[in-house]
Amino acid sequence: MINIFVIDDDLVALYASIYKLEQAEVDVAVKGFDGAQKALDYLSDLSEKKENFPEVILLDLVMPVMNGWGFLEAFERLFGNPIDSKIYILSALENSKDRIRAKKHPKVSGVFVKPISQAIVQKIALEGDS
């Protein structure tokens, strides 16, 4: 089973992503967060309990309060290396600078444009299962 976290403040996009992941022909457990800080708090709790992090994190970049870049910085600061979670950006990425920056970020395993497709789900599942 692949544990996947989806972090997106847009509830329609969040639940659509969760639904698409759960409908895939892959054994997944999906947990959604409507804010980056909520996800960090949950990850901190997992870390304190010495429980495993998710294999895959799907992260939106454009969110209020703490955006995806802030999440990546805090994730690295709080948990350092090595963390086996693969982080994928799942965003509208209308700004090409953000797309380039995301592709170059050392913690980002891939960049996908919303909405999530079955092909993306299969790619994430294959990489998350490795």
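These numbers come from the heavy atoms of this one structure, side chains and all, not from hydrogens, waters or symmetry mates.
Within the 4.5 Å cutoff, the side chain of Asp60 has no heavy atoms near those of the Asp10 side chain. Between Asn52 and Leu46 there is no side-chain heavy-atom pair separated by less than 4.5 Å.
Scanning both residues, Gly68 and Met63, for their nearest heavy atoms gives N-CE, 3.9 Å. The two residues Ser109 and Lys86 come nearest to each other via the heavy atoms OG-CB, 3.6 Å. His105 and Lys107 make their closest contact through ND1-N, 3.0 Å (heavy atoms, listed as atom of the first residue, atom of the second, distance). Scanning both residues, Val111 and Ala102, for their nearest heavy atoms gives CG2-CB, 3.7 Å. Minimum heavy-atom separation, Ile2 to Glu55: C-OE1, 3.6 Å.
A distance of 13.0 Å separates CZ in Phe112 from OG in Ser91, rounded to the nearest 0.5 Å. A distance of 10.5 Å separates CD1 of Ile87 from CG of Leu58, quoted to the nearest 0.5 Å. Distance check: Ile120 CD1 to Lys20 NZ gives 9.5 Å after rounding to the nearest 0.5 Å. Here the straight-line distance linking atom CD1 of Ile7 with atom CG of Asn67 works out to 12.0 Å at 0.5 Å rounding. One finds the CZ atom of Phe71 at 5.0 Å from the CG atom of Leu40 (value rounded to the nearest 0.5 Å). Going from atom CG of Asn3 over to atom CD1 of Ile57 covers 11.0 Å, rounded to the nearest 0.5 Å.
Residue Glu25 qualifies as open at atom CD: its count of foreign heavy atoms under 6.0 Å is 12 or below.
The hydrophobic cluster containing Val113 does not contain Val12, counting ILVMFWY residues as joined when their side-chain heavy atoms lie under 4.5 angstrom apart, directly or transitively. Trp69 and Val65 fall into different hydrophobic clusters, defined by Ile, Leu, Val, Met, Phe, Trp and Tyr side-chain heavy atoms under 4.5 Å apart, directly or through other members. Follow the hydrophobic side-chain contacts under 4.5 Å out from Ile4 and you never reach Tyr19; the two are in separate clusters.
Ser17 contributes a side-chain N or O that, together with a main-chain N or O of Ala13, makes up a donor-acceptor pair within less than 3.5 Å.
Centroid-to-centroid, the aromatic rings of Phe53 and Phe5 stay 6.0 Å apart or farther.
With a 6.0 Å cutoff to the six-membered ring centre and a 45° limit on the axis angle, Lys31 counts as a cation-pi contact of Phe33.
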